[in-house]
Amino acid sequence: LNSEFDDEAQVQTLMQMTAPRGERLVPGSISPPREYGLEEAEPANENPIVAQLAHDDVDDIAARVTERLERRMTERLKREVEARMALERASQLEQAPEHPEASSDGTPPPQPNIQTAEEAPLADDNFKICGIRRTCWGLLLTALFLVMAAAVLSMYFYFSDNSFNRPKSPDYQLRAPTISPTIGPTSEDEWMRIMDRIGDTIVMDMDMDVFDNESTTQYKAFSWLVYDDSFESGQSWKLSDQELIERYALAVVYFEGLGRTWNRQSNFLEIVSVCEWNNGISSQDDNAEGVYCSDGTVTFIQLVENGLKGQLPKEISLLKNLQHLNLDGNMLYGEIPSLSGLTSLQVLWMSSNELTGPLPKALPSSIANLDLQENSFLGAIPVEWQSLTDLFFLGLRLNDLTSLPGEFLQPLSNLRYLDLEGNELQGTIPTQLGSNTKLESLYLEKNRLSGNLPTELASLTNLSELLLYGNGRIEGTVPKEYSQLTNLKFLWIHGTDLSGSIDDIFCVEDFIQSLSADCAGDP
């Protein structure tokens, strides 16, 4: 203590600072108390004014200074003592065992000192968990929280950028590059590059607005081509224009036919060649399903009983090299679009669907096998079909057709199978059928045909099946010329109004295997 207050000048300075305003103490007039180790000051000079001040106020000033010094030194000593005690106590706690045992003479172990309220803050600061102070744990937890927050924010911005700069899958809401400001320029450039290459072909007779309308199948298919197919894989520049067109056309078929609900996906819309959009079985197998190619271009499509719904899109005609199209047993409705552009098409099977309207007039002349039975087609068989000179199979049974014009039949010199059962055909049987000399099966039962049987049918010497039953207005007799039909195995003419005898016609030689006719008159 003396070391801090051994200078009398310092004490005098403190006394001057604590003196009332307007008064100044003369050095040496007041002596600090002896209990604090300060020497008594020498008597002051006998100046009257100073002496008067010393006699009147010295006691009060000395008491005030003494009180201040005592309070400050007491507080300082108290803080130093508390700090030393806390440090010693912390050191003892670190060195003491966790469970102290009693001494050998039975003396209980010393109890830890009870912490006072003033000691609590210092002890709390020195509290340790697993050997690490509590303040360090706080810093570690704060750093961990900041790292986690940074990771969450990074993931948020990453996925936000991806979701805004690139449109979603076409099965969700898509954004047209021409109307949405959120698509990045790279995507828009890819859209325009592909559109510049194939746009003139795929637009066909439609308005360009269909490619800006998110609800159209054309928009969905082209968006898939740009964003989920060619743009993602970065291979569009390697594909020819025809390959891009084929991918687009098949995507339209997928979206128009509600492809996500198909019974079997057959790899449709996979980012592989369209030639691999099939079940892996050879196209020559009856169980083949999907898309098949020849020389790298689509030639064969077979999706039988696969749950296709909707209309057959006109984009199917973009598959210029298609030869075989089999969509039997689905739920397609509406009219068949013009297929005249499919100049290589040979097989068109769309039986057992829900197709309506008139039969399509424009069919490629290359068709050889046409099966549209079990639908709801109306009206007459188009005269324009006379151009189908390669046709050898024509199945139109179980529709609502009303007319069979002979003009279209005469040029069909290769026709071998004609099935018109269960329609609403009216009028007489066309005599032009006699020109189809290669015909082997003729099914005209369950219609509304009338009149006599044409003798021209006797020219069909290759005919093995002739079914005319259920036409209640066919009348007259069976022409004797029919005896020339020596290859005939099945003749069903019951349910008609025919009369006369057929014994001399079909019973001379035993070539009929199945003969069904109404009996009239004597047996």
Side-chain angles (χ1 to χ4, degrees), residues 162-180 182-260 262 265-278 290-293 296-299 301 303 308 310-322 337 341-342:
N162 284 350
S163 61
F164 289 125
N165 291 333
R166 181 184 174 278
K168 300 177 182 177
S169 173
D171 291 325
Y172 301 91
Q173 289 292 330
L174 295 171
R175 300 177 176 86
T178 56
I179 61 176
S180 174
T182 59
I183 294 181
T186 303
S187 301
E188 186 172 349
D189 291 346
E190 183 70 7
W191 178 290
M192 295 307 300
R193 278 194 294 268
I194 297 180
M195 183 61 73
D196 289 342
R197 290 177 60 183
I198 65 175
D200 292 341
T201 302
I202 66 176
V203 170
M204 305 176 74
D205 58 350
M206 299 178 293
D207 193 287
M208 278 295 296
D209 291 342
V210 299
F211 293 96
D212 292 332
N213 187 345
E214 298 181 9
S215 64
T216 64
T217 56
Q218 289 78 16
Y219 175 85
K220 295 176 182 178
F222 196 79
S223 296
W224 169 83
L225 182 66
V226 174
Y227 303 120
D228 295 316
D229 182 38
S230 60
F231 178 65
E232 267 197 355
S233 61
Q235 300 298 311
S236 62
W237 60 274
K238 293 183 179 180
L239 300 177
S240 66
D241 290 353
Q242 183 58 32
E243 287 175 314
L244 288 173
I245 292 171
E246 289 179 347
R247 297 181 78 83
Y248 165 77
L250 291 171
V252 172
V253 173
Y254 182 85
F255 290 113
E256 181 64 35
L258 302 179
R260 295 186 65 184
W262 289 1
Q265 294 294 308
S266 299
N267 290 330
F268 258 73
L269 300 194
E270 293 292 331
I271 306 180
V272 295
S273 170
V274 294
C275 304
E276 299 179 36
W277 291 4
N278 53 63
V291 179
Y292 295 83
C293 299
T297 186
V298 176
T299 58
I301 298 177
L303 298 169
L308 277 72
Q311 299 184 0
L312 181 66
K314 64 179 66 178
E315 282 80 3
I316 196 72
S317 63
L318 296 175
L319 305 174
K320 298 297 184 180
N321 298 305
L322 187 62
L342 301 177

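It should be emphasised that the depicted structure is a prediction, and the values quoted were computed from it without experimental measurement. Sequential numbering from 1 along the given sequence is applied to the chain's residues.
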Rounding to 0.5 Å, atoms OG (S223) and CG (D229) come to a distance of 12.0 Å
Closest non-hydrogen atom pair, L342 against L319: CD2-O, 3.0 Å
Sequence neighbours excluded, which residues qualify as side chain to side chain donor-acceptor pair (under 3.5 Å) partners of D241? R197
For M204, all residues meeting side chain to side chain contact (heavy atoms under 4.5 Å, CB included), sequence neighbours excluded: K314, E315, S317, L318
Residue pair L244, I202: steps toward the side chain to side chain contact (heavy atoms under 4.5 Å, CB included) verdict: CA-CA 10 Å; L244 288 173; I202 66 176; over 6 Å; no
Listed by chain and number, what are the side chain to side chain donor-acceptor pair (under 3.5 Å) partners of Q265, not counting sequence neighbours? Y254
Are the side chain of N278 and the backbone N or O of Y292 linked by a donor-acceptor pair below 3.5 Å? no
Heavy-atom pair with the smallest gap, counting every atom of I271 and D228: CD1-O, 3.1 Å
Shortest non-hydrogen pair, R247 vs L225, comes out as CB-CD1, 4.0 Å
Shortest non-hydrogen contact from G290 to S266? CA-CB, 4.3 Å
Does the side chain of D209 come within less than 4.5 Å of T216's, by heavy atoms? no
Partner residues of T297 under the side chain to side chain donor-acceptor pair (under 3.5 Å) criterion, sequence neighbours left out: E246, N321
For T217 and F255, indicate whether the former's side chain and the latter's backbone hold a donor-acceptor pair under 3.5 Å. no
Residue pair P313 / P337: nearest heavy atoms and the distance that separates them: O-CG, 3.9 Å
Other residues, nucleotides, ligands: >12 heavy atoms within 6.0 Å of D196 CG: yes
Residue list, ring pair (Phe, Tyr, Trp, His ring centres under 6.0 Å) with F222, at least two apart or on another chain: W191, F211
Partner set under ring pair (Phe, Tyr, Trp, His ring centres under 6.0 Å) for F268, not counting sequence neighbours: W262, W277
